[in-house]
S.K.: 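Pasting a structure below so you can have a look.
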2 protein chains.
Amino acid sequence: MNTFSEILKRNSLSITDGRIKILELFYASDGALAHADIEKNAGLVLDRVTVYRTLQTFVEKGIIHQVPTTDNSVLYALCRQNCANGHHHDNHVHFVCNQCQETVCLDDVTVPAVKLPAGFKPIQSAMIVTGLCNNCK
Amino acid sequence: MNTFSEILKRNSLSITDGRIKILELFYASDGALAHADIEKNAGLVLDRVTVYRTLQTFVEKGIIHQVPTTDNSVLYALCRQNCANGHHHDNHVHFVCNQCQETVCLDDVTVPAVKLPAGFKPIQSAMIVTGLCNNCK
DNA sequence: TAAATATTTGCAACAATATTGCAAAAAATA
DNA sequence: TATTTTTTGCAATATTGTTGCAAATATTTA
């Protein structure tokens, strides 16, 4: 039994070819992936709908998280510590490279707090930095 | 000649009922507007396609800017200083209220700088804070 | 291991959102 | 006012995402 199967098992998900394929893609990628990236690579094996459903399931289980973007595209990336709370991943900064277009989770860079005007009560913050990544500089 | 006509003229755009109607909506609104908001209010006067094209034109001219969101919806808001560079509006923090769903541009709150890992060169930053706004607290 | 049960997948249909070409209409210019 | 330029609406099409349901696959139980 390989790593991917273990991840699925740990999250009480059935072990299927499609899910393993998608996990492979995420682990083979440095940055974040869009639905289209996954479909392009797994589309021969998987139906469009299955890709949508798998991504949704993985987000719910906290295996991946949705990456905020400035251009309103939808990106997903692996959660480093496979944490339980699938919806509180907005605490690290996301970096989008203008050159290679990769989106990278900067797990070690936390979103700084900002002072808001009177009356505004913050609950969650997201931050996206664009520029040149360590490969493209 | 009213204010809205002046704005259009200043940006070398033809003065049309549709464009004035959309400007009115933005100036009447506190926060950011989605395409759907505009269509709902101007839909009787304007075609869907015209709304899309008008928003696009306004963004190009720097009259409005696209607001980053965490839920991948597309929002637009007025540029306060009708600036020329229609693509560098990510320097103020955007606030999304969990209660009333309004998105507000916090023009006075600038996005703080963060220290990135070696090799990453920042060019632009965006920040979205969610929580409760001054009306909903 | 085979049968029973539960989960997942693919297909088809549908819905929402966005884009394009083009001719008609409206606005700006001469 | 006539001419030119810009804008608009319509129709068609593309893209993205969702839902129901039956077939296929995986898991569990005996």
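Quick note on labels: first sequence line is chain A, next is B, and so on, each numbered from 1.
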S.K.: CG of D47(A) versus C1' of dT16(D): gap in Å, rounded?
M.R.: 14 Å
S.K.: When the distance from CG of L55(A) to C1' of dG17(D) is rounded to whole Å, what number comes out?
M.R.: 12 Å
S.K.: Measure from the side chain of V74(B), starting at C-beta and using heavy atoms only, and say which of dT8(C), dG17(D), dA18(C) lies closest.
M.R.: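 Of the options given, the side chain of V74(B) lies nearest dA18(C).
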S.K.: OH of Y76(B) versus C1' of dT17(C): gap in Å, rounded?
M.R.: 11 Å
S.K.: Go through L132(A) and F120(B) one step at a time and tell me if the side-chain contact (heavy atoms from CB on, under 4.5 Å) criterion holds.
M.R.: CA-CA 6 Å; L132(A) 294 174; F120(B) 287 85; over 6 Å; no
S.K.: Just compare dT27(D), dG10(C), dT8(D) and give me whichever is closest to any side-chain atom of S14(A).
M.R.: dT27(D)
S.K.: For I20(A) and dA26(D), give me the distance from atom CD1 to atom P, rounded to whole Å.
M.R.: 10 Å
S.K.: May I ask you to say what R19(A) touches in the nucleic acid, namely base, sugar-phosphate or nothing, with a heavy-atom cut-off under 4.0 Å?
M.R.: sugar-phosphate
S.K.: Looking at dT18(D), dG10(C), dT8(D), which one has an atom nearest to any side-chain atom of L46(A)?
M.R.: dG10(C)
S.K.: Starting at CD1 of I38(A) and ending at P of dT16(D), how long is that distance when rounded to a whole Å?
M.R.: 13 Å
S.K.: Looking at H65(B) versus Y76(B), is the centre-to-centre ring distance below 6.0 Å?
M.R.: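 So the answer is no for these two rings.
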S.K.: May I ask you to say what R53(B) touches in the nucleic acid, namely base, sugar-phosphate or nothing, with a heavy-atom cut-off under 4.0 Å?
M.R.: base
S.K.: Classify V45(A) by what it touches in the nucleic acid, base, sugar-phosphate, or nothing, heavy-atom distance under 4.0 Å.
M.R.: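 Sugar-phosphate: the residue V45(A), judged by heavy atoms under 4.0 Å, touches backbone atoms but no base.
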S.K.: May I ask you to decide if the ring planes of F4(A) and Y27(A) are parallel, tilted or perpendicular, using 30° and 60° as cut-offs?
M.R.: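 Ring orientation of F4(A) relative to Y27(A): tilted.
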S.K.: Restricting to non-hydrogen atoms, name the atom on M127(A) and the atom on V111(B) that form the minimum distance, rounded to 0.1 Å.
M.R.: CE-CG1, 3.6 Å
S.K.: Within this structure, what is the OH-to-C1' distance between Y52(A) and dT9(C), rounded to whole angstrom?
M.R.: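 Rounded to whole Å, this separation is 16 Å.
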S.K.: Side chain of V49(B) only, heavy atoms from C-beta on: which candidate in dT19(C), dT18(D), dT9(C) is closest?
M.R.: dT19(C)
S.K.: Separation of D17(A) atom CG from dG10(C) atom P, in whole Å?
M.R.: 10 Å
S.K.: Send over the distance from R48(B) CZ to dG9(D) P, rounded to a whole Å.
M.R.: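 It is 13 Å, rounded to the nearest whole Å.
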S.K.: Could you tell me whether the side chain of R19(B) reaches within less than 4.5 Å of the side chain of F58(B), counting heavy atoms only?
M.R.: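 Yes, close enough: below the 4.5 Å cut-off.
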S.K.: Of all the nucleotides listed (dT17(C), dT8(D), dA26(D)), which has the minimum atom distance to the side chain of T16(A)?
M.R.: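 Selected nucleotide (nearest to the side chain): dA26(D).
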